[in-house]
Amino acid sequence: MKVILLRFGELYLKGNNRNVFESMLINNIKEKLQGEEYRFQKTFGRYVICDYKPNREVDIVEKLKKVFGLYSISIAEEVDATKEDIENFIKNIKIKTENFKVYVKRADKNFPISSMDFAKELGGIILENNTNKNVELYQPQTLISVDIRLNGKAYIFDEIIKCQGGLPLGSAGKALLLLSGGIDSPVAGYLMAKRGLKIEALHFHSYPYTSEQAKEKVLTLAKKLCDYVDEVKLHIVSFTKVQEEIHIRCRNEFMITIMRRIMMRIAQKICQNNELGAIVTGESLGQVASQTMQSMTVTGGVVDNLPIFRPCIAMDKEDIMEIANKIDTYQTSILPYEDCCTVFLPKNPVIKPTIEKCLKEESYLNIDELVDQAMQTEEIVVLKRD
Ligand code: ATP
Ligand code: MG
């Protein structure tokens, strides 16, 4: 019988929490496979999906590849773990490449023959039925794996499909992603979700300075993230008034720094209102003037009691772009609609702002009132995976 074999990794490290993690992972798998017909089995360090409609196999694997906490998948033949049953299946294998190797692993040490000896024997059977093929022990083009498990079954497969890895979604809590229309922030959201964080998102727009399309673009990005995180509650806040006020009252080179500090204050409020335990941004050290150590000190400085996660901090743009391509956000991110940060952009933004100078600029503003006004413009859109 053909089955889909699932392997998970880091769950092993979690000691007493293991059960909680595991039930989250299983729930997330079931969530992802909603609408599919299948049977789910939990067996000795593996999960097995069986009794699915044969033509659904590829789709099921595609869906499972987006579940955090799964490390790899194999489409395998499940047979009874007897020498005869395994040999019978192996007999009919057709090797498509020039060479191959058989690898046997026994979780069941009572199996009557050692792994090495059995691998040799099975290799011999394959050779008999595949004349012109060779055994290649070091770099085989085809690796036939026989995994003999303690549930009385053996699994035979020739491919290991790599998955996301990471930790089950939700196992680390829930955070607020500052989502612009750019390349970096969707990647940041994905990377933190991979470490177990559910994601809500916050987007600032400056309508009418920014267009309706700029907002649409962010909705599209949030929707694309849903492939991995199932659901994104997107908070959309107007930043127009804040920007106008800063533009009128503060020194131009401080525009971005003060904007960022106000964004963070609003983000913190939204975290408090929605029980979110961290703020996530797409910042990368040195990428632009507002992403220096000093800038991050003063922007992070307005946030109390919440960590700010910046998973792209040490990454080169190329590496970020590679992930953006992988999660299919890149083509949307490069659409040329302006972000609120590009409106009123100063010619020479400060690179090393100090807290004293920020406070001085902010003394020309009524920060609490601006934050409250912005909060009143909050719209919420909930996006879900199709
Ligand atoms: P990105 O590609 O994510 O837009 P960026 O390289 O353009 O990043 P900045 O524009 O300096 O960098 O923004 C840094 C971070 O601030 C972003 O990654 C995002 O987390 C947050 N941010 C910027 N603009 C907005 C916005 N309009 N709404 C919400 N968050 C924003
Ligand atoms: Mg940006």
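Counting starts at 1 for both ligands and their atoms, following the listed order. In what follows, every heavy atom counts, from backbone to side chain, and hydrogens, waters and symmetry copies are set aside.
When each of Glu57, Glu37, Lys2, Glu36 is tested with Tyr52 by the rule side-chain hydrogen bond (donor to acceptor under 3.5 Å, both in side chains), just one qualifies, namely Glu57. The only member of Asp80, Ile148, Val79, Asp147 that meets side chain to side chain contact (heavy atoms under 4.5 Å, CB included) when paired with Lys153 is Asp80.
Taking every heavy atom of Leu202 and a limit of under 4.0 angstrom, the matching atoms of ligand 1 come to 29 (C). Heavy-atom proximity to Ser180, at under 4.0 Å, picks out these atoms of ligand 1: 1 (P), 3 (O), 4 (O), 22 (N), 23 (C), 24 (N), 25 (C), 26 (C), 30 (N), 31 (C). Close contacts between ligand 1 and Ser185 involve ligand atoms 1 (P), 3 (O), 18 (O), 19 (C), 20 (O) [criterion: under 4.0 Å to a heavy atom]. Ligand-side atoms of ligand 1 in range of Gln291: 6 (O), 9 (P), 11 (O), 12 (O), 13 (O), 14 (C), range being under 4.0 angstrom from any heavy atom. Ligand-side atoms of ligand 1 in range of Thr281: 20 (O), range being under 4.0 angstrom from any heavy atom.
Cation-pi contact between Lys215 and Tyr207: absent, since separation from the ring centre below 6.0 Å together with deviation from the ring axis within 45° is not met. The side-chain tip of Arg7 points at the ring of Phe157 from less than 6.0 angstrom away and within 45° of straight on.
Classification of Asp230 and Lys198 as a salt-bridged pair fails, no side-chain N sitting under 4.0 Å from a carboxylate O. Contact check on Glu378 versus Lys269 returns no salt bridge, with no Lys/Arg side-chain nitrogen under 4.0 Å from an Asp/Glu carboxylate oxygen. Ion pairing of Glu62 with Lys65 is present here, as a side-chain N (NZ or NE/NH1/NH2) and a carboxylate O approach within less than 4.0 Å.
Below 3.5 Å of separation, one finds an N or O of Gly282 facing an N or O of ligand 1. Looking at ligand 1, you'll find an N or O of Leu178 within less than 3.5 Å of one of its N or O atoms. Inclusion of Asp184 in the set of residues having an N or O under 3.5 Å from an N or O of ligand 1 is warranted. The N/O atoms of Val280, backbone and side chain alike, include none that comes under 3.5 Å of an N/O atom in ligand 1. Considering backbone and side-chain atoms together, Met263 places no N or O closer than 3.5 Å to any N or O of ligand 1.
The proximity of Ile256 to ligand 1, defined as any non-hydrogen pair under 4.0 Å, does not occur for either the backbone or the side chain. With a 4.0 Å heavy-atom cut-off, ligand 1 is reached by the backbone of Leu179 but not by any atom from C-beta on. At a heavy-atom distance under 4.0 Å, no atom of His205 approaches ligand 1.
Between atom 9 (P) of ligand 1 and the options Lys317, Arg260, Arg310, His203, the minimum heavy-atom separation is to Arg260.
Relative ring orientation between Phe118 and Phe111 is described as tilted, the plane-to-plane angle lying within the 30° to 60° band.
Environment of NZ in Lys223: crowded, with over 12 heavy atoms of neighbouring residues, nucleotides or ligands closer than 6.0 Å.
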